[in-house]
Structures are given as C-alpha cells and as structure tokens.
Amino acid sequence: MSEIPKAYEPQAVEAKWYQFWLEQKCFVADPARVNARRQAYSIVIPPPNITGILHMGHVLNNTIQDILARKARMDGKEVLWLPGTDHASISTHSVLERELRKRGVMKHRTDLGREKFLEHAWAWKEKYGGIIIQQLKKLGCSCDWTRERFTMDPEYSRSVQRVFVALYKQGRIYRGKRMVNWDPAARTALSDEEVEMLETKGHLWHLKYPLLDEAGHPVPDQFVVVATTRPETMLGDEAVAVNPKDPRYTTLVGRKVLLPLQNRPIPVIADDFVDPKFGTGCVKVTPAHDPNDYAMAQRHGLPLTVVIGPDGAMTAAAGKDFERLDRMQAREAAVEKLTAQGLLLKVEDYVHSVGHSQRTRVPIEPYLSEQWFLKYPAVDQARTCVGLGAAVDKSVPWVHLPGAGACGEDRKRLRLAAMKLARQEGWIGKTFRNVDTGWDVLLRRKSLSHAFNNRNAIVIQAASVLPELIRTAVLWRSEPHRPPHPRFKQVHHLLAGLNQAGEYYAVPIVVKELADGTFLYDYKAKRAAFGGKPLVAHLPEEKLGSQPAPNVASVSVRELLASVKSDLGGAIRFYPDRWTKTYAHWMANLQDWCISRQLWWGHRIPVWYNELGRRALDKTVLVVRLSGQELPGRTARDLRRSAWRLAETSGFLRQRFENRDTGWEIYVNRRSLEHAFANKGLANIKLVPALPQLLNHAVHIATESHAPPIPQVARVHKFVAALQLDAELYRVKFTVKELRDGRKFFDHQAISVKGKETDGKSPGTHPLTGKLVTRPASASCYKVAEIVGDVNSDAAFIRCQIDSPGEGWIQDPDVLDTWFSSWLWPFATMGWTGDREQDAQHPTLKAFYPTTDLVTAPEIIFFWVARMIMAGYEFMGDLPFRNVYFTGIIRDKQGRKMSKSLGNSPDPLDLIAKYGADAVRFGTMRSAPLGQDVLFDEKDVELGRNFCNKLWNACRFRQMQGGNVEGEIDPRLLSSDDRWILLRLDQAICEIDAAFAEYRFNEIAQTLHRFFWSEYCDWYVEASKAILSGSSLTLATSDLEHRANTLAVIDFILSHTLRLFHPFLPFITEELWHGMGFHDDLPADQGGRTIMVAHWPKPFDAAFKEHYGLDAAVEQFVSAKYELVGQGRNLRREANIPAGKKVRFVLKPAGQLAAHEVEVLKLLLQAEKLELDSSYPPRKGTPVVHSVLGELYLPLEGLADLGAERARLTKELVKIDGEIEKVQAKLNHPAFREKVPPAVLAEHQKRLTDWQAKQTRVQQALNALGEGSG
RNA sequence: GCGCGGUUAGCUCAGUGGUAGAGCACUACCUUGACACGGUAGGGGUCAGAGGUUCGAACCCUCUAUCGCGCACCA
C-alpha cells in the first residue's frame, strides 16, 4: 500500500469525513435510544454571537466540547451536543448601524424606523449570522445540526416571553424610575455587569460657589469650595452637601450658595454620605446625573434637573450657552467660563475608575430613566447547589469529646456499645435543634446503625457528644434529592468539628429532609488534616491549649472542608473549583437585574399599554364628595339589602346616566349592583348615594375586546372616578360591559388611594393626605394619573401577555437584555413549553435535561452561568447542568488578550487550512492546562501537525509490512518488547481515564504524545524491526509466526491508539481507522461504520495481564535493556562516531540473554555486530558502560584515547557520587528509618545499592585505565 | 481596601510530600526502506526570596517581593 502519501494531507481527508458523518447522521441525538443501559450525555453550546467570527477562544471552547461529546459516544452514551447562536442585541446594533451609516442608508436608526431597521437586521442575520456555525464545522465539531437553535427563533422567542410573563405575574418583574447605566452611544440602558470600570486619568476641579446672605445677595469673598471630576454636571446641581458632624461647616447648613453659570440659589444640606476627609469636605449634588447624589436628593427632597440628554448632549436645562453641546465639549466650556469668572480655585491631576460600556467602549452616563427590573428567582437553590456554598466563611465550634475509650476493635461490638450508649442517654427518637438552621434533627436507630457501618472508631466515640454535634453543625450545602427515594425531598450537608485529646475530626452530617418536614440524619467522622498531616499542627496555640476547653475553640468551615471535600461533591461542580468562590460572592450580593434595553433588535418586552388609558391619565376627574350618610345595617348582607333599597327608592335602578366623558348612556341594574357589593370594602356600599354623579363624571380609560364565554358582551370598557369620604380618597373603577345590542351595563369597585412609589424600590403606601383639605370643596379635581396610583398593579392600563390584548393596546418599545434569553438556553432549546406535565413528557427534555457538562469562560459566570442555574431551578425545577468547565483566556505570546483591534488573533481558519483541523485541536489542547490562561503560539499548532504526521507515518509503516490485519496474538510468541508496549498502553489508558475524570485535557494530550511518540515509535517500533525486517529474518516457519505475531501486536496497539486519539484528532483517526482496515469485522454500531462509536479502550484486567504475561519483571527487564541502549549510544557519541556509521560492540552479559534480545540490542545500537563474550579481555582504555544486563564495550580501532575515556568515567563517577551522597544523607538521618513508610524506605535502600553497584563498576573501569595521562 | 491566581530550563508551561519534567529553541552528528513535519546524543534549573512544619518541601503553613485578574470605593 505504498500509494499512501509520505506526509499527511489533511484538507481532502477532513472534507470527506465531515461529509460522511453528516450523511450517516452520526451527530444526531435520538432520545428514543436512551435507556437504563444507554445513558444520555448532553451539552449545550454557549451560543456564539451572530456578529462574531471564529476566534481562538471559540477553538479552545468548542474543541473541549467536541472532545467530551466524542468521548461520551465512544463510552456508549447517547450524545446530544446542541448548537446555536445568540442574537446579541447591542453587538448587532453596533455592527449593523455602522454598516448602514457607511452605506448612507441612515444617520441614526430613528431615520429608518423600527420596522425597516428590523428588516435590515434580519437580512443581515440571514447573510452573516451562520458564518460562525460553518466555521465550527471546519473544526470538526460534532453538533447535532438538526437541532440548531437561534435565540430569536419563533419557538425560542415564545419561551422568552412566557418566562417574562410568568415572572411578572409572580411580582418579580417591576418597572421603576432609577438611576441606570446609560450608554449614550447605543442609547440604551445597561445592566451593572455590562459596565467595565477602567482606570482613567482625569482631573479634580475645585470650584468656588459664592455664599449668599439671608437676602440672597453674594457675601463678598465668601465661597464654598467643591471638588468634582465632572465640571459639566454643575449645571444640574441642586445643593451642596456637607457632613453633619463636620465642625467646619455646621454654620453653613441651611444657608444658600449661588450656583455659578446658572445663577441659581441652591441650599447647603447636611448628609452622612459626605466624607469630610475627601477634598474640601463639600460635595456638589447633581441629583439627575450621579447615583449617590440621586440618593441624597431623595433624602432631602431636591428637584431633579436633567442637563445631559440620552444622546450625551446637553439639554435646554443646561442653559443657552451649553445646549446641544456634547458632554465633553460642555466640560471644556464650563471650565473656561468658570475660569473667566475667577471661580476655578485649582485643578489637580486625578486617577479614578470610570465605568465604560463593554460594547461601545464609551463612558457610561448615570441616567435617570424608567426601566424594567427583575428580582432573581430560585436564589436560595442557586446559592447552595454550587460547590461549597456560602457557608464556607462560617466557623464551627470544636466539640470536645472526653476520652471515652473505644470498646475493642471489633466493629460490631463497637456499634452495639454505641447503640447502648445512645439508648441509655435516651437519644434515640429524640430531636435536637440545630443552632445554625433552626431545624429539629431526629436521631433514629436506623441512621445510627448506618453511620456505624462506616469504618472509623471515632464515629463510635463521637456518639457520646452526638447531640452537641448536631446542634452546632453548620449547613454548607443543600441539594435536591433524586430518585430512587421518593420520600426524601432534599439532602443537606452539615459539618461539625470534633476534638478528642488534641486530635481533630471533621464530622460531615448528612441530613435527609422528608416530605413531611422531618429531618433524619446520618454521619461519619474523618480526621481533619491537611496534606496528610493532622490539623493540630496548623492551628494556633490558643485554639488548642494542652487540654482544650470544651466548645471554646472554633475553626472555619473552609479549614474543616479541606479534609473532607473530596468525599462530598456539590450538585453542580466547577472545574477548577476556585470559581465557586467568585460565584458565591456574586450570589451573596445580588442586585436586581435591569432587563430592558432601548433597542429594537431583540425580544420585545411583552407588556402592553392602553393608549386610550394613557391619554386618559392626563384628564382630570371631579372628586365626588360623599356626605357621611350611613346606610343601616351591620353585616355585609344587611348593608347590601339597604343599598338596593336606597337605589330603588332613589330611582337608580334601570335608570340610564349619561357619562360626560363618552356621552354614553350607562344602565344601572340590580345585578351589577349586587356584584359590586360582593367586593370587600364598605366604601362600595357607602358610595351608593353618590352613584349617579360618579357615573356622570367618570373618565374612560380603556377599552378591550371581551373574550368568550359571554357572547352577548361585545367589549369591556374601564372607567375611573374619584370619591371622597371624610378625608379618605377612593378610586372608583367601573367596568362597563357593552352588549351587542349597544346597551351598556356597569359594575364597580372602590379602592382607597395610595401614593405612587417614591423611593424607587418598594411601592410604598403614601396616602395623598397632603392634597386633601379637611373639608374639600366638592369641585376639587385630580388628575386621573394621580388617583390611579401604581400603574403596575392596574390591569386597566398595562397588560403583561405574549399576544396583543387587542386594538388600542401598544407594546412596550424596549427589548430585553440578550442575557434574558440566554439564561433559558439549556431548556428553551429542547422544546420547553412551561407546562410542567407536558415538559416532563417531552422526549428531548426528558432524556437530555439536565445537561451533563457546560464549557464556558469564567468572565460570564454572572452574565450567564449563575442566571442559567436560577432559571433552571425556577422553570424546570432542576439544575441545568452538573459540571461546569471554565476555560482560560487565550492570549498571544506576549500575554495580551487576543482582540480584533490589536490584530494579534490568528484566524483559526487560516491555521486549519495551513495545518489541518486536527493539528489546531491537538496543539491548542496540549497547551491549555485546566484553569490557566493560554499563551497561544503557532508553534503549538505546528507541534500538532507534526504529531499527526507521525501518526500517519507510523500507520504507513505498518501497512508496508503487509500481512493479516489484526491477527490473533499468541501469548507464547510475545517478545519482551511486545509485553512492554502492552504494559505502556495499559498505563496510558489508565492515565487518560484519570485525566478525563478531572477534565485535564492537556495531561491527556501529553500522555498521548508520550505514549505514542516516545514509547511506541521511538522504542517499540524500532525494536520490532528486529523481527519485521531484521537481518536474521529467514523464511523459517517460526520466524514467520513471530513476524505475524508482532504485526498482531502492532495492530492491537494502533487500533487502541486510534480510538484513544479520536476525540482529539477526529479526522485523521477516522481516515486511518478505515485505511488500516480496523473497522472490518466490527458491527456497524461498534466501529464498523465509523470510529466515532468504536468502544473506548478499557484498562487491562488481571486475567488479561496474566494471559499475556504482563508483569513488573518484563517492565524492569525492558527498561534495563533500553537504558543499556541509551548508554551504548552515548558511548558512540563520546567516541565521536558518526551516527550513520555501523560499529562493533562487545557485551559481557550478566546472565542469560536470548538471541532475539541480542538482535534487538544490535539493531537499536546501530551495531554492525554485537558480540557476546563473557570473558572478553578489553584493551586498556576501551570505553565501557555497566548495566544490569552486563558490561558493554565499544572496542575502538587504533589507539584508544585513554584521557577521553578517563574524563568520561570521572564525570560519570562524580554524578554517581552525588546521587549516593543524597540518598545516604537521607538514610543516615536517625528519624528517617523510624518514621518513613516501609515502601519508601525499601525504595531508598534499593536506590542506594544500585548507585553503589554502579559506582564500583565505574571505579573499577577507571582503575583499569591506570594512573596518569595515557 | 477585599478576594483570586501566577512566579519551575533561553521561551511557553506541566508537575501537590519521596531521584526536577515536556514542547519549542540551542549544540553536535545523521537524508538509514515509516516519518527531515524525521532520528540519535547532549548542554541548560539553589523550582521568586525568607522563615516554619516534616525523617524528607518545588509541593503544606507564615511573611515578603513581584506580575496579572476580579470586586468594592472614588465628589
């Protein structure tokens, strides 16, 4: 098969196999194939932006995902790797708007209007949005492309909106006027997470504000000096603040200063916020343009003057001189004018952090605007499910255990003794309240006996302090309990510390929460130690004392956990786990999430406003005053009856009243009255006398189409009126039902009026008392807006629902933060409907949710990971993934972040074209250790290419040998080299499995590299040439048998190697798998069709090793052989023998040596001849090396160079002496022999003997050379 | 200010108590029938510094230096 090219050419191979995999539907996940024996494995791609193109970060991230997915398939799992893209509101806006401006289509998006703009956006998305997906295919990603999703797919969008509506209904979403982070370039609000603080060199301007006297005239030469970094904001100043405790300024408080440029008097106020030590201790207060100033303004009732508009330009309020200036120009202008007026005291250089928009890079403007906010759901679950939870910073007291001795070694007897103790003390069946959680934890016989099944006598000793342990244990994690124990709702992990005579134990207590609310416990004690050493060594003296006092010492949970962490994993684990801290920190300091963006591309907020209602808000309603007339009756029923009577006698019933606002005639009938009175609130009854008037004066605020099931009703109209009873003001809401015949019946409800939300946080209850006079004139009027109060709660004006409520309703113009769609990614991509029962039956969700792994960057722990966890718990009732792997950041050789602007990011597609996808994958993975940033170097890819080439040629070599493919291996014919390489393979498989379990991909890559290159190619293949093509090869049957057997071993190794390599190098392994014919005899679904689903190699079991004679002796022998070869080659080099020259070696063997071994040695030594001679008399000065297998001489022709040989031996001797000295020093240490583990001691002794033997031999050789120069 | 990570060969980095490692680069030799995208041999390290724990420390603890990252504050 010599047609195989000499070097691997990836391009054609990659295209061919990717096409093949797609055609054969190898990436398609089928939930129907998932069952008890075939587990599901799932992973959702972190959806790349549609604006993005593939960069090295994607390569790293997606290669890892592909490796995980391919490995899982080979493990026999049903794999779903779900791909897709993210619509990326702000990015898309910025890219698209730039392009449209460049093309001259528009100046600002408002020129186009929303609809036109979105047309452009969709067109752009269709054209460019799929680029990155195509690029991932080039990388070999095995995503199920049939399930590709986009966050703005109709189905996905509906999920986003469904979630919004659900959270809105829970009261978690609210609208509020707040100081938000405003991006003046994109003209939108941003969440706190999207703001990047950048150190900025600026100035601190000290401004002089003239002090005014009582009459409002400036006092000559008296100023208040304030310092600011943003002089342009002074135009919106409303006060100067000082600290109330600052003695310098107490006399100033309450006086006024003149705001320069605006020539407006503003007050001096006192507020604790002011730090007297900073600057002059006086602060200018700009309520509309600084979050802290805004808070102060709220406290002091200051007005808000907006001087900077949403586009970053000054408003009219800034004054004629500044209006329309950009904020930076305004700064210069203000400074200039102040300087001219002599009001600028000084300017200092000042370095401070300024918030910048992550997307547009412009400085953030604090801006007062109305936005939507979300109070995060499922926070508690999200907080406790990851890693160690928040409890790690707590401390637990040491519970002191008196030296209650163990009752012998027998575990059963110990258990009985402990049970007896527990019974005697009356603990069994008793509950103990945990101080940390307040729970009552129940002590049961069964849990006690379970605990004692664990090894460790301390558990039994701890029985005597059980109640205390349970009481003082700290909760550090809760996780949902899974089947098969449906009785258990939740599992909690608690941790306590135990001290017995200076020994410290961590006691993890597992508490199971039952559905009925009881808590049962189980526990196990483990010696608390660090790095194998007792904790006692690490605790400060005062915590211990020689006889520790009970319960005084305490230790942090973190310290205790260090010793038990490995036992107890969180429901979600982070790799590397240090990110759990970052996560916990953020979860502990959650701020409500600003989810609205003033953009068009994205999910429009599913909130509808009633246009008529909004217009009606500006109308005024007459307050109808109700005399204090009481209706007779005490119970609601009595009252209702008398109300009807009154209505009847007053002639209201069946009467029509003309409404002044609409001109309609509204009927009062008995029925509607009855319904109204069924509402709680005496006001309903009391207002009956005022009813005609209310109906006349009510203002129409909303019309909506009526939904079935009352076919006679065509529409529903909402009216509002105001009613005053004594000093209480009521809002009266009328629902007017318009029948199809045109008649209108009413229904009504009165609610006492509360104020609007004022503090921006919780809608408070602020009765409008100030506005009501004690005896108001009956003609007093209020704006509808005022009496309607909190709009959020009033369904008359605002609706939260996915589809339009009907004509007259207009949708909120804002879109949602892109992350508000991304946080649903793990389930919204799988067909989520929001209906629990339906979702539970959905095949995809059922089989693949929760997902197994998530691979992402640590920068988006807050943006994405944490939010996905909360959404998962909230909407699926379960976590979204079990493991999160955080990649490092890819940097360039200089350590700089790769970025477009620096131009230091190589285009991965160029690399793939140049080196092949496998090379890019392997090179990247080899240089990307867990949790560290990656300094990318093209050399890494070159290494990958070289490696592929090596693999290619090794297989090529095998093919050139011919023979049967994958013949039977006969253990009787195995050479020592065969056995050795099988052992090395086993070792490699074990190492790789262990590394996979910990997501240490660079270690896997290194192991693969070492095994294949350094062990298989460098040693085994070379050695096997003795049989395959050695000079002694004859056509004798035995030789041919050996040859076939060697080929069988090679095939065995290669077929395993290809499978081990497949997740990293999918293309070349598939090509070789077929090229070598390894697929031939396999069933289609086990590697017959594709290596993708070939079985993942397993470590050899004992029977296999015994059958093939794989033991430590072989390993030692072959190691010694190769060491001898190394030494022999070194002799050649020292003697300056050219590499290509064949020489004669003589071996004085130490024992029996098979002819085959001699042949191998000869080959590896590049020897013309290797003579075996046990009585070889070397000429004086003949270079020699000594090994376990014997002495190897390199007889030289002509005069031996005695000096060179002496120098060589002396050098070796020095090295040996050094080693001996080191080992001996250790062994001579008196404590060493006593304390060291026996295995280590033996190992050291052997090392010493070996070196000493070597020393003797080298010394002898040196002596044989004689003294002096020769 | 708080927290996290790093400091190991010329470069990039592995290594988590028991003989200091890899790749690249370097030096010398070798185009040998798998592979020059290769082979063989070699040089090169007080594991940032100091102290401590230990029989034993690159590894655990404390401190220092230094670089990087994140959070908070910033008038």
Side-chain angles (χ1 to χ4, degrees), chain A residues 2 4 6-8 197 204-205 226-230 233 241 273-275 278-286 290 292-293 350-354 530-533 537-538 576 578-579 581-582 585-586 589 858-859 889 893 895 915 919 923 926-929 931-937 939-940 942-961 1000 1002-1003 1006 1009-1010 1014 1017-1018 1021-1022 1025 1029 1126 1129-1134 1136-1142 1166 1219 1222-1223 1225-1227 1229-1237 1239-1241 1243-1244 1247 1251:
Chain A
S2 48
I4 297 187
K6 220 170 155 180
Y8 172 57
M197 301 304 275
L204 201 55
W205 283 272
V226 296
T228 180
T229 55
R230 302 191 56 194
T233 63
F273 168 77
V274 181
D275 177 5
F278 189 92
T280 58
C282 297
V283 186
K284 61 190 272 305
V285 180
T286 321
D290 182 280
N292 292 316
D293 293 3
Y350 190 68
V351 176
H352 60 147
S353 297
V354 178
F530 297 93
K533 282 195 316 170
H538 298 281
R578 71 184 134 88
W579 291 111
K581 261 188 200 175
T582 311
H585 180 253
W586 190 70
N589 297 288
E859 297 109 274
I889 297 165
K893 263 200 281 190
Y915 298 104
R926 204 190 128 90
S927 57
Q932 298 295 337
D933 288 355
V934 184
L935 268 70
F936 180 81
D937 188 344
K939 288 275 182 202
D940 293 327
E942 215 176 291
L943 167 92
R945 182 208 41 192
N946 296 352
F947 188 63
C948 289
N949 192 57
K950 190 77 175 172
L951 177 60
W952 182 258
N953 276 291
C955 289
R956 185 163 161 256
F957 169 73
R958 161 63 189 94
Q959 290 217 312
M960 290 165 96
Q961 303 304 319
R1000 305 176 85 97
N1002 69 314
E1003 271 179 29
Q1006 282 190 51
H1009 188 273
R1010 185 209 66 215
S1014 308
C1017 290
D1018 287 353
V1021 171
E1022 293 307 319
K1025 285 176 182 169
S1029 52
R1129 286 166 171 173
N1130 183 241
L1131 281 188
R1132 294 175 56 116
R1133 165 84 198 116
E1134 296 283 340
N1136 282 322
I1137 293 166
K1141 188 170 181 206
K1142 299 240 172 187
Q1166 280 262 34
E1219 294 295 338
K1222 268 199 281 186
V1223 184
K1226 274 182 154 185
L1227 284 168
H1229 202 286
F1232 184 78
R1233 287 166 184 280
E1234 293 164 29
K1235 302 204 175 179
V1236 89
V1240 174
L1241 181 63
E1243 196 267 332
H1244 276 76
R1247 208 191 300 162
W1251 284 118

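In what follows, chains are A, B, ... by sequence order, proteins preceding strands, each numbered from 1.
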Colleague: Which comes earlier along RNA chain B counting from the 5' end, the contact point of A:Asn946 or that of A:Asn1002, where each point is its nearest nucleotide?
Modeller: A:Asn1002

Colleague: What does A:Glu1234 touch in the nucleic acid at a heavy-atom separation under 4.0 angstrom: a base, only the sugar-phosphate, or nothing?
Modeller: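 If one applies the 4.0 Å heavy-atom cut-off, A:Glu1234 turns out to touch nothing in the nucleic acid.
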
Colleague: At 4.0 Å (heavy atoms only), tell me whether A:Val226 reaches a base, stays on the sugar-phosphate, or touches nothing.
Modeller: nothing

Colleague: In whole Å, measure the gap between the P atoms of B:C30 and B:G23 for me.
Modeller: 23 Å

Colleague: Would you mind classifying the nucleic acid contact of A:Thr229 as base, sugar-phosphate or nothing, using non-hydrogen atoms under 4.0 angstrom?
Modeller: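 Sugar-phosphate, no base atom in range.
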
Colleague: In whole Å, what separates the C1' atom of B:G5 from that of B:G43?
Modeller: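 It comes out at 34 Å once rounded to the nearest Å.
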
Colleague: Just compare B:G5, B:U19, B:C24 and give me whichever is closest to any side-chain atom of A:Lys939.
Modeller: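 Of all the options, the side chain of A:Lys939 is nearest to B:C24.
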
Colleague: Identify whether any heavy atom of A:Val354 sits under 4.0 Å from a base atom; if not, whether one sits that close to sugar-phosphate; answer base, sugar-phosphate or nothing.
Modeller: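 Nothing, no heavy atom under 4.0 Å.
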
Colleague: Using only side-chain N and O atoms of A:Arg926, determine if any of them is under 4.0 Å from OP1 or OP2 of B:U12.
Modeller: no

Colleague: Should A:Asn292 be listed as having a side-chain N or O under 4.0 Å from OP1 or OP2 of B:C74?
Modeller: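 For B:C74, OP1/OP2 do have a side-chain N/O of A:Asn292 under 4.0 Å.
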
Colleague: For A:Lys1235, which contact category applies under a 4.0 Å heavy-atom criterion: base, sugar-phosphate, or nothing?
Modeller: base

Colleague: Grab the CZ-C1' distance between A:Phe947 and B:C35 for me, whole Å please.
Modeller: 13 Å

Colleague: Looking for any heavy atom pair under 4.0 Å, which part of the strands does A:Lys1222 touch: base, sugar-phosphate only, or nothing?
Modeller: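 If one applies the 4.0 Å heavy-atom cut-off, A:Lys1222 turns out to touch the sugar-phosphate alone, with no base involved.
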
Colleague: Considering the options A:Leu1131, A:Asn1136, A:Asn1130, which one meets the side-chain contact (heavy atoms from CB on, under 4.5 Å) requirement together with A:Glu1134?
Modeller: A:Asn1130

Colleague: Which nucleotide, B:G15, B:C35, B:C74, lies nearest any side-chain atom of A:Glu1003?
Modeller: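 Comparing B:G15, B:C35, B:C74 against the side chain of A:Glu1003, the answer is B:G15.
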
Colleague: Classify A:Asp940 by what it touches in the nucleic acid, base, sugar-phosphate, or nothing, heavy-atom distance under 4.0 Å.
Modeller: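 Nothing, no heavy atom under 4.0 Å.
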
Colleague: Please name the pair of heavy atoms, one in A:Val226 and one in A:Thr280, separated by the smallest distance, quoted to 0.1 Å.
Modeller: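 In terms of heavy atoms, the two residues are closest at CA-OG1, 4.0 Å.
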
Colleague: Could you work out the separation of B:C13 and B:A65 based on their C1' atoms and round it to a whole Å?
Modeller: 23 Å

Colleague: Expressed in angstrom and rounded to an integer, what is the separation of A:Leu943 atom CG from B:A14 atom P?
Modeller: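 One finds 16 Å between P of B:A14 and CG of A:Leu943, rounded.
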
Colleague: Which word best sums up how the rings of A:Trp952 and A:Tyr8 line up, parallel for under 30°, tilted for 30 to 60°, or perpendicular for over 60°?
Modeller: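 Tilted.
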
Colleague: Identify which nucleotide among B:G23, B:C35, B:C74 has an atom closest to any side-chain atom of A:His1009, counting heavy atoms from C-beta outward.
Modeller: B:G23

Colleague: Rounding to an integer number of Å, can you tell me how far A:Arg578 CZ sits from B:U16 P?
Modeller: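 So the CZ-P distance, A:Arg578 to B:U16, works out to 15 Å.
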
Colleague: Closest approach to the side chain of A:Ala954, judged atom by atom: which nucleotide of B:A34, B:C37, B:C55 is it?
Modeller: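 The listed nucleotide nearest to A:Ala954's side chain is B:A34.
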
Colleague: Under 4.0 angstrom, heavy atoms only, what part of the nucleic acid is A:Ile1137 near: base, sugar-phosphate, or nothing?
Modeller: nothing

Colleague: OP1 or OP2 of B:G33 less than 4.0 angstrom from a side-chain nitrogen or oxygen of A:Lys1025, does that happen here?
Modeller: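 No.
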
Colleague: Check this one for me: any side-chain N or O of A:Arg1133 less than 4.0 Å away from OP1 or OP2 of B:G42?
Modeller: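 So the side-chain polar atoms of A:Arg1133 never come under 4.0 Å of the phosphate oxygens OP1 or OP2 of B:G42.
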
Colleague: Taking the C1' atom of each, how far is B:G33 from B:A25, in whole Å?
Modeller: 31 Å

Colleague: Which atom pair, heavy atoms only, marks the closest approach of A:Ala919 to A:Gly944?
Modeller: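 Between these two residues, the closest heavy atoms are CB-C, 3.6 Å.
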
Colleague: Classify A:Arg1247 by what it touches in the nucleic acid, base, sugar-phosphate, or nothing, heavy-atom distance under 4.0 Å.
Modeller: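 Counting heavy atoms under 4.0 Å across all strands, the contact made by A:Arg1247 includes a base.
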
Colleague: Heavy atoms only, 4.0 Å cut-off, all strands: where does A:Glu942 land among base, sugar-phosphate and nothing?
Modeller: nothing

Colleague: At 4.0 Å (heavy atoms only), tell me whether A:Tyr350 reaches a base, stays on the sugar-phosphate, or touches nothing.
Modeller: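 Sugar-phosphate, no base atom in range.
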
Colleague: Determine whether A:Lys284 and A:Thr233 make a side-chain contact, defined as any pair of heavy atoms from C-beta on separated by less than 4.5 Å.
Modeller: yes

Colleague: Between B:C55, B:C29, B:G38, which one does the side chain of A:Lys950 approach most closely?
Modeller: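 Closest nucleotide to the A:Lys950 side chain: B:G38.
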
Colleague: Quick one: on RNA chain B, does A:His585 or A:Val274 contact a more 5' nucleotide (nearest heavy atom)?
Modeller: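 Counting from the 5' end, the first nearest nucleotide belongs to A:His585.
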
Colleague: Counting only side-chain nitrogens and oxygens, does A:Lys1226 get under 4.0 Å of the OP1 or OP2 atom of B:C55?
Modeller: no

Colleague: Please state the P separation for the pair B:U64 and B:C4 - nearest whole angstrom.
Modeller: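 Pairwise P distance, B:U64 against B:C4, rounds to 15 Å.
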
Colleague: Categorize A:Arg1129 for me: base, sugar-phosphate, or nothing, with a 4.0 angstrom heavy-atom threshold over every strand shown.
Modeller: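 Sugar-phosphate contact only.
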
Colleague: Base, sugar-phosphate or nothing for A:Pro1237? Non-hydrogen atoms, less than 4.0 Å.
Modeller: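 The residue A:Pro1237 makes base contact.
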
Colleague: Using atom C1' in both nucleotides, what's the gap between B:G49 and B:U7 to the nearest angstrom?
Modeller: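 To the nearest whole Å, 11 Å.
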
Colleague: With the side chain counted from C-beta on, respond yes when A:His1229 and A:Lys1226 share a heavy-atom pair under 4.5 Å apart, and no when they do not.
Modeller: no

Colleague: Are A:Thr228 and A:Val283 close enough that some pair of their side-chain heavy atoms sits under 4.5 Å apart?
Modeller: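 Sidechains of A:Val283 and A:Thr228: no contact.
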
Colleague: Report yes or no: do A:Arg956 and A:Asn953 form a side-chain donor-acceptor pair below 3.5 Å?
Modeller: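 Result is yes, a qualifying pair exists.
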
Colleague: Side-chain N or O of A:Asn1136 less than 4.0 angstrom from OP1 or OP2 on B:A28?
Modeller: no

Colleague: Rounding to the closest angstrom, what is the interatomic distance between B:A58 and B:U46 at atom P?
Modeller: 13 Å

Colleague: Does OP1 or OP2 of B:C35 have a side-chain N or O of A:Lys6 closer than 4.0 Å?
Modeller: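 Indeed, a polar side-chain atom of A:Lys6 lies that close.
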
Colleague: Measuring from the side chain of A:Lys581 (C-beta onward, heavy atoms only), which nucleotide among B:C73, B:C4, B:G18 has the closest atom?
Modeller: B:C4

Colleague: Could you please name the option among B:A34, B:G5, B:C30 that lies closest to any side-chain atom of A:Arg956?
Modeller: B:A34

Colleague: Say we look at B:U12 and B:U8: how far apart would their C1' atoms be, to the nearest angstrom?
Modeller: 12 Å

Colleague: Could you tell me whether the side chain of A:Glu1134 has a donor or acceptor atom within less than 3.5 Å of a complementary atom in the base of B:A28?
Modeller: no

